[in-house]
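Values in this document were obtained by computation on a predicted structure and should not be read as measured data.
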Amino acid sequence: STTIDTVGTPQKIDSASATVGYAKNIALCYDTTEDKVIATYVYTGGGGSYYLRVAAGTVAGGVSNSTTWGSSSVVYSGDANYASIAYNATDQRVVIIYKQVADGKGYSSVATVSGTTVTANTPSLMYDGLGTMYYTDLVYDSYVNKMVVYMRAYQGEAVNGAIDTSANSITWSTPFYVDSDAYNPPFADFNASTNQTIIGGAGTTKATAKSFIYTVPGTITGQPLTIGTK
């Protein structure tokens, strides 16, 4: 239909969390293999401790319009922010990226999903550039089987990474500097019709808001999006 006329009752993702806690950052992706939605979120409990967690949920449509969440697991036991998550259907892995507040650097974790159980590996360093990492967006490029990140850090920067399924880890490239202004907030998406990743961001002025085609990891070509053109 053309309208949203049925909205399910909101449900708590982390049923074990304290009632006085809250989530200060949340991101969501869809695991097409397990048919689950995967949520990562930064949760702080009543004692003030921050934890980056992940959980898988089963969606039921129709009359119930609900999601049943499995038990959450810890990705990082510390203060984190700016988390993004994406699913790699080829390697059947979920990748989570985030900023550790303690040092301002970017980290990533590769996770496996089985039913509603998500197992995240030990986080490893993703970004240790000239600036502090802030906003991020993460997308899976199925054409080259790599994860692509566009982020606000020293400037608008992109990195790509290949998953090692045997070690359940990911190796990231060095940062590719995209733009000194168009990064806040950054966005990324993959166009399966043209096998291209599109990245873009708002600039400090209307004139500096830009979009780019990230054709292959480490290559930027022009401004692909034209108003009025499909």
Quick one: do Val59 and Tyr41 end up in the same hydrophobic cluster if we chain Ile, Leu, Val, Met, Phe, Trp and Tyr together by side-chain heavy atoms under 4.5 Å apart?
yes
Please check if the distance between the ring centroids of Tyr107 and Tyr76 is under 6.0 Å.
no
Looking at every non-hydrogen atom in both residues, tell me the closest pair between Met133 and Tyr127 and how far apart they are.
CB-CD2, 4.0 Å
Nearest 0.5 Å please: distance from the CE atom of Met151 over to the CD1 atom of Ile199.
10.0 Å
Approximate separation, where rounding is to 0.5 Å, of Ile38 CD1 and Leu28 CG:
8.5 Å
Inter-residue atom distance Asn145.CG - Asn160.CG, 0.5 Å rounding:
11.0 Å
Can you name the nearest heavy-atom pair linking Trp69 to Ala55, along with the distance?
CZ3-O, 3.6 Å
Would you say Tyr140 ends up clustered with Leu138 if hydrophobic residues are merged whenever their side chains have heavy atoms under 4.5 Å apart, either directly or through other cluster members?
yes
Within the structure provided, determine whether Asp35 and Tyr30 are in side-chain contact (heavy-atom separation under 4.5 Å).
yes
Report whether Leu52 and Val95 are members of the same hydrophobic cluster (ILVMFWY, side-chain heavy atoms less than 4.5 Å apart, transitive linking).
no
What heavy-atom pair brings Ala80 and Tyr98 nearest, and what distance separates the two atoms?
CB-CD1, 3.7 Å
So Ile198 and Phe190, do their side chains get closer than 4.5 Å, heavy atoms only?
no
Give a yes or no on whether a salt bridge exists between Lys146 and Asp141, defined as a side-chain N under 4.0 angstrom from a carboxylate O.
no
Are Thr197 and Tyr143 close enough that some pair of their side-chain heavy atoms sits under 4.5 Å apart?
no
Where do Asp164 and Ile170 land on the side-chain contact (heavy atoms from CB on, under 4.5 Å) test, with the steps shown first?
CA-CA 6 Å; Asp164 181 343; Ile170 186 168; over 6 Å; no
Quick check on the hydrophobic clustering: are Val144 and Val148 connected, directly or via other members, by side-chain heavy-atom contacts under 4.5 Å?
yes
Trace of the side-chain contact (heavy atoms from CB on, under 4.5 Å) decision for Leu130 with Glu157
CA-CA 11 Å; Leu130 297 175; Glu157 299 170 62; over 6 Å; no
Where the side chain of Asp91 meets the backbone of Arg93, is there a donor-acceptor pair that is under 3.5 Å apart?
no
The reported gap from NZ in Lys36 to OG1 in Thr67 (rounded to nearest 0.5 angstrom) is 11.0 Å
Using every non-hydrogen atom in the two residues, find where Ser193 and Asn191 come nearest and quote the distance to one decimal.
N-OD1, 2.9 Å
Looking at OG1 of Thr90 and CD1 of Ile163, how far apart are the two atoms once the value is rounded to the nearest 0.5 Å?
9.0 Å
Smallest separation among heavy atoms of Ala83 and Ala27, with atom names
O-CB, 3.7 Å
Short side-chain donor-acceptor distance under 3.5 Å, Ser84 and Asp137
no
Grouping I, L, V, M, F, W and Y whenever their side-chain heavy atoms are under 4.5 Å apart, do Val149 and Val139 come out in a common cluster?
no
Test side-chain contact (heavy atoms from CB on, under 4.5 Å) on Tyr177 and Tyr154; report intermediate values, then the result.
CA-CA 9 Å; Tyr177 299 109; Tyr154 171 64; 3.8 Å; yes
Test item: Tyr214 and Ile220 side chains (from C-beta on) under 4.5 Å apart, heavy atoms
yes
Of Ile97, Asn25, Ile96, the one forming a side chain to side chain contact (heavy atoms under 4.5 Å, CB included) with Thr40 is Ile96
How close do Ala89 and Thr32 get, heavy atom to heavy atom, and via which atoms?
CB-OG1, 4.0 Å
Please list, one pair per line, the donor and acceptor atoms closer than 3.5 Å that link side chains of residues 115-126 to other protein atoms, with sequence neighbours excluded.
unit_1	atom_1	unit_2	atom_2	d
Asn121	OD1	Ser109	OG	3.0
Asn121	OD1	Val110	N	2.7
Asn121	ND2	Asn168	O	2.5

Could you check whether any side-chain heavy atom of Trp172 comes within less than 4.5 Å of a side-chain heavy atom of Met147, counting everything from C-beta outward?
yes
Keeping the roles fixed (side chain from Asp181, backbone from Thr204), state whether a donor-acceptor pair exists under 3.5 Å.
yes
Run the ring-centre check on Tyr82 versus Tyr135 and record whether the distance is less than 6.0 Å.
yes
Between atom CZ of Arg152 and atom OG1 of Thr132, what is the distance when rounded to the nearest 0.5 Å?
10.0 Å
Do the side chains of Tyr50 and Asn81 get nearer than 4.5 Å, heavy atoms only?
no
So, Ser72 and Asp14: side-chain donor and acceptor under 3.5 Å apart, yes or no?
yes
Are any non-hydrogen side-chain atoms of Val178 and Phe176 less than 4.5 angstrom apart?
yes
Take Asn184 and Tyr134 through the side-chain contact (heavy atoms from CB on, under 4.5 Å) test and state the conclusion after the steps.
CA-CA 9 Å; Asn184 191 23; Tyr134 290 100; over 6 Å; no
